[in-house]
Student: 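Please see the structure below; I have some questions.
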Amino acid sequence: MVLPILFLFCCFSATTGFGSERLINPKKLPMFVDDLPEIPTLSGFHGRHSKHLRLGMFLKTWKFHRDLPPTPVFAYGVSKDSATVPGPTIEAIHGISTYVTWENHLPDRHILPWDPTIPTAIPAGNRGIPTVVHLHGGITEPGSDGHATSWFTNGFKQKGPSWTNKTYHYNNHQHPGNLWYHDHAMGLTRVNLLAGLIGSYIIRHHHVEAPLRLPHGRKFDRPLVIFDRSFLHNGSIFMNSTGNNPSIHPQWQPEYFGDVIVVNGKAWPRMTVRRRKYRFRIINASNARFFKFFFTNGLRFIHVGSDSAYLAKPVVSKAILLAPSEIADVVVDFSKSMSDTVILANGAAYPYPSGDPASEGNNKVMKFYISRKKEVETQRVPSKLIEYPKPKLSDASHTRYIAMYEYTSDIDEPIHLYINGKRYEAPVTEKPKVGSTEIWYVINLTEDNHPLHIHIGLLAALDQTELVRLEEFKDCMTKKNDAVKCKIEQHARGKRIKVSSHEKGWKNVYKMMPGYVTKILVRFSNIQSNASYPFDATAEPGYVYHCHILDHEDNEMMRPLKLVA
């Protein structure tokens, strides 16, 4: 039972829209007035030797827009003065370990509302803000994976039930590519990320990557960490403090959508570029917003990687649909532009796919000003990139059915979401063998598209098949919660959707379409070699898999994952 007093203590704040403060109209904020910031970089290595970093989480203020007052945020950094939103980009080298001591310097009370009626990390006496850091896309030992119950408060005064150690070890033995780090505390992920606890992480492998001759150097190789926020007139981040089912969950809402698009910490920034190729590592760090990126003048994206892995060959596209937590690694050739300016725009509905269309404010991302001076550039994106073992059904040793459910109240509003009809706290049911490959049929019985993320696992999407007689199948699944007994083979016979060419490689996240069965191959081993994990992946506290819409993840759309020998 949750006491009402606890709710009053935890959920009301000056930043939630109470009192005289009003939500700012994004139309009042001019676009493209701030330059795109260059995210500071931290080296996670020292020559050919490992390096120990200390990164803190601090309460400070941040200027998201020229005309907005400073915003209270939580930020990662070496010190409070140097902390940024997003946090510094950590650059690691393949095969060289990086050690990070994550230090919580946050105050006792949160700057955003949170809801203790969903499974939440609540320290004794309700003092302190629980945090824990997950390296998204990392093939990491369990004790350094940032398990949701491995949280800790300021000064490690209080610790979660599966807390492991102060310093995390990232061995960086995996393939080169793009990762990102973010908070992962139980029931608080959505508010801690909304407050600013995000940052990018790149694993480089010079011997493998240098021959590709892709754009490099800080000027031409840029992470773009993109997310949405809403603000009050006093500059504070706005988050609704009243839930959609307030009698059940006083604060929890099924999705958070902001009306201001932020890139690298600035709202709708501008960037001046030369007429040449640039590499952009685009991370969707939003809580729930999908982006469908496109250039207003028809410029193309050249995909070279998806999530943490390179593609076998480049793929050209006019648009990119990117779910929360997905990463698109692209090259853009501005010499092909017929204009001197171009806007990176967004055309995704919210919630995706059947919500409101993108509107003024959230349909523009940033603006590029292109130099008129022509350049001679001899480098081309190679026709072949990095080829890893192709997904093979013959490699699979086990098949699983993973069903996604949404449960609603008497007023037909969501109250929680489960995977396989089970709460997070229910005993673990997914126990893959280390080194194995499995087939997962992910059955989405909800109306939302859910980006599925599997910690430590790499996945390859094979196809998506529409469910026919969907309501009949839903009724059966609600009663029996068993895809085989509900004769899924008689329902998975509808329209079949092929996987997009730029998403056919190994990924960390994939978009599970509503009313469809998505067939994925999940690999619990490295892809760049046959070498086993350089750590005990069967150790406690294990791993998890979950929907990466953070509001869903926080309200139980997450299940434990335990690897076995």
Side-chain angles (χ1 to χ4, degrees), residues 44 53 55 57 76 87 90 92 97-104 121 130-152 156 159-175 177-189 192-193 197-201 203 307-308 325 327 419 424 428 430-436 452-459 506-509 522-527 532-548 550 553-554 557-565:
L53 302 175
L55 272 178
M57 308 157 210
Y76 288 117
I90 299 174
S97 291
T98 299
Y99 295 87
V100 182
T101 299
W102 299 101
E103 298 176 337
N104 183 336
T131 63
V132 64
V133 181
H134 169 57
L135 180 58
H136 179 107
I139 297 178
T140 308
E141 59 198 61
S144 298
D145 189 59
H147 196 279
T149 58
S150 297
W151 53 266
F152 54 96
F156 301 99
K159 303 164 188 172
S162 67
W163 186 83
T164 54
N165 43 57
K166 293 182 180 180
T167 299
Y168 277 15
H169 175 206
Y170 304 119
N171 59 70
N172 303 319
H173 273 278
Q174 67 191 81
H175 50 283
N178 304 298
L179 298 80
W180 63 298
Y181 60 92
H182 62 76
D183 189 79
H184 209 270
M186 176 67 75
L188 297 172
T189 304
N192 286 351
L193 267 72
L197 294 181
I198 53 178
S200 62
Y201 188 110
I203 298 178
D307 291 341
S308 66
S325 83
I327 303 174
I419 295 176
Y424 173 76
V428 60
E430 280 66 60
K431 298 180 180 181
K433 292 181 179 179
V434 173
S436 70
L452 182 68
H453 174 47
I454 305 169
H455 287 214
I456 202 174
L458 287 158
L459 63 90
W506 293 100
K507 290 175 56 63
N508 308 118
V509 180
V522 188
R523 180 171 171 140
F524 296 98
S525 62
N526 290 308
I527 56 171
S532 59
Y533 295 140
F535 52 81
D536 181 7
T538 69
E540 297 296 338
Y543 301 95
V544 295
Y545 69 98
H546 56 84
C547 170
H548 220 292
L550 303 181
E553 172 189 340
D554 275 352
M557 206 170 199
M558 177 167 69
R559 287 286 294 148
L561 179 74
K562 178 66 175 171
L563 269 62
V564 297

Student: Quick one: pull up NE2 in His548 and OG1 in Thr189 and give me the separation to the nearest 0.5 Å.
Tutor: 8.0 Å
Student: Keeping the roles fixed (side chain from Asp307, backbone from Ile327), state whether a donor-acceptor pair exists under 3.5 Å.
Tutor: yes
Student: I'd like to know if the side chain of Asn178 reaches the main chain of Ser308, judged simply by a donor and an acceptor atom lying under 3.5 Å from each other, with no hydrogens or angles considered.
Tutor: no
Student: With a 4.5 Å limit on heavy-atom distance, are the side chains of Thr98 and Tyr201 in contact?
Tutor: yes
Student: Looking only at heavy atoms, what is the nearest atom pair of Ser325 and Trp180, with distance?
Tutor: O-NE1, 3.4 Å
Student: Hey, what do you get for OG (Ser200) to CG (Leu179), rounding to the nearest 0.5 Å?
Tutor: 10.0 Å
Student: Looking at every non-hydrogen atom in both residues, tell me the closest pair between Lys562 and Ala539 and how far apart they are.
Tutor: NZ-O, 3.4 Å
Student: Between Val544 and Leu561, is there a side-chain heavy-atom distance shorter than 4.5 Å?
Tutor: no
Student: Under 3.5 Å, side chain of Gln174 to main-chain N/O of Gly137, donor-acceptor pair present?
Tutor: yes
Student: How long is the gap from CG on Leu197 to CG on Leu188, to the nearest 0.5 Å?
Tutor: 11.0 Å
Student: Glu540 and His147: side chain to side chain contact (heavy atoms under 4.5 Å, CB included), yes or no, with the steps?
Tutor: CA-CA 10 Å; Glu540 297 296 338; His147 196 279; over 6 Å; no
Student: Specify the closest pair of heavy atoms between Tyr533 and Phe524, including all atoms of both residues, with the distance to one decimal.
Tutor: OH-C, 2.7 Å
Student: To the nearest 0.5 Å, tell me how far Asn171 CG sits from Phe535 CZ.
Tutor: 5.5 Å
Student: Quickly, which of Val509, Leu459, Asn508 forms a side chain to side chain contact (heavy atoms under 4.5 Å, CB included) with Ile454? Name it, please.
Tutor: Leu459
Student: Locate the shortest heavy-atom distance separating Ser150 from Trp163; write the atom from each residue and the value.
Tutor: O-CD1, 3.4 Å
Student: Please report the closest heavy-atom contact between Thr149 and Ser162, naming both atoms and the distance.
Tutor: OG1-OG, 2.5 Å
Student: Taking it one step at a time, do Thr131 and Asn192 satisfy side-chain hydrogen bond (donor to acceptor under 3.5 Å, both in side chains)?
Tutor: CA-CA 8 Å; Thr131 63; Asn192 286 351; over 6 Å; no
Student: List the steps, then state whether side chain to side chain contact (heavy atoms under 4.5 Å, CB included) holds for Leu53 with Tyr170.
Tutor: CA-CA 11 Å; Leu53 302 175; Tyr170 304 119; over 6 Å; no
Student: Is it the case that over 12 heavy atoms from other parts of the model lie below 6.0 angstrom from the NZ atom of Lys433?
Tutor: no
Student: Roughly how far, to the nearest 0.5 Å, is the NE2 atom of His136 from the NE2 atom of His184?
Tutor: 9.0 Å
Student: Do Ser97 and His169 have side chains that get closer than 4.5 Å, going by heavy atoms?
Tutor: yes
Student: Kindly indicate, with the supporting measurements, whether the criterion side chain to side chain contact (heavy atoms under 4.5 Å, CB included) is fulfilled by Met57 and Val133.
Tutor: CA-CA 10 Å; Met57 308 157 210; Val133 181; 3.8 Å; yes
Student: Could you tell me which residues satisfy salt bridge (charged side-chain N to carboxylate O under 4.0 Å, His left out) with Asp145, sequence neighbours excluded, listed by chain and number?
Tutor: none
Student: How would you list, by chain and number, every residue that makes a salt bridge (charged side-chain N to carboxylate O under 4.0 Å, His left out) with Glu103, sequence neighbours excluded?
Tutor: Arg54
Student: Do you know which of Leu458, Asn526, Ile203 makes side chain to side chain contact (heavy atoms under 4.5 Å, CB included) with His175?
Tutor: Leu458
Student: Do His546 and His453 make the cut of ring centroids closer than 6.0 angstrom?
Tutor: yes
Student: Looking at OG1 of Thr164 and CD of Glu141, how far apart are the two atoms once the value is rounded to the nearest 0.5 Å?
Tutor: 8.5 Å
Student: Tell me, with the steps shown, if Met558 and Ile419 meet side chain to side chain contact (heavy atoms under 4.5 Å, CB included).
Tutor: CA-CA 7 Å; Met558 177 167 69; Ile419 295 176; 5.7 Å; no
Student: What closest approach, in Å, do Asp183 and Tyr76 show between heavy atoms, and which atom pair accounts for it?
Tutor: N-OH, 3.5 Å
Student: Distance-only, no hydrogens or angles: does the Thr538 side chain make a donor-acceptor pair with backbone N or O of Ala565 under 3.5 Å?
Tutor: no
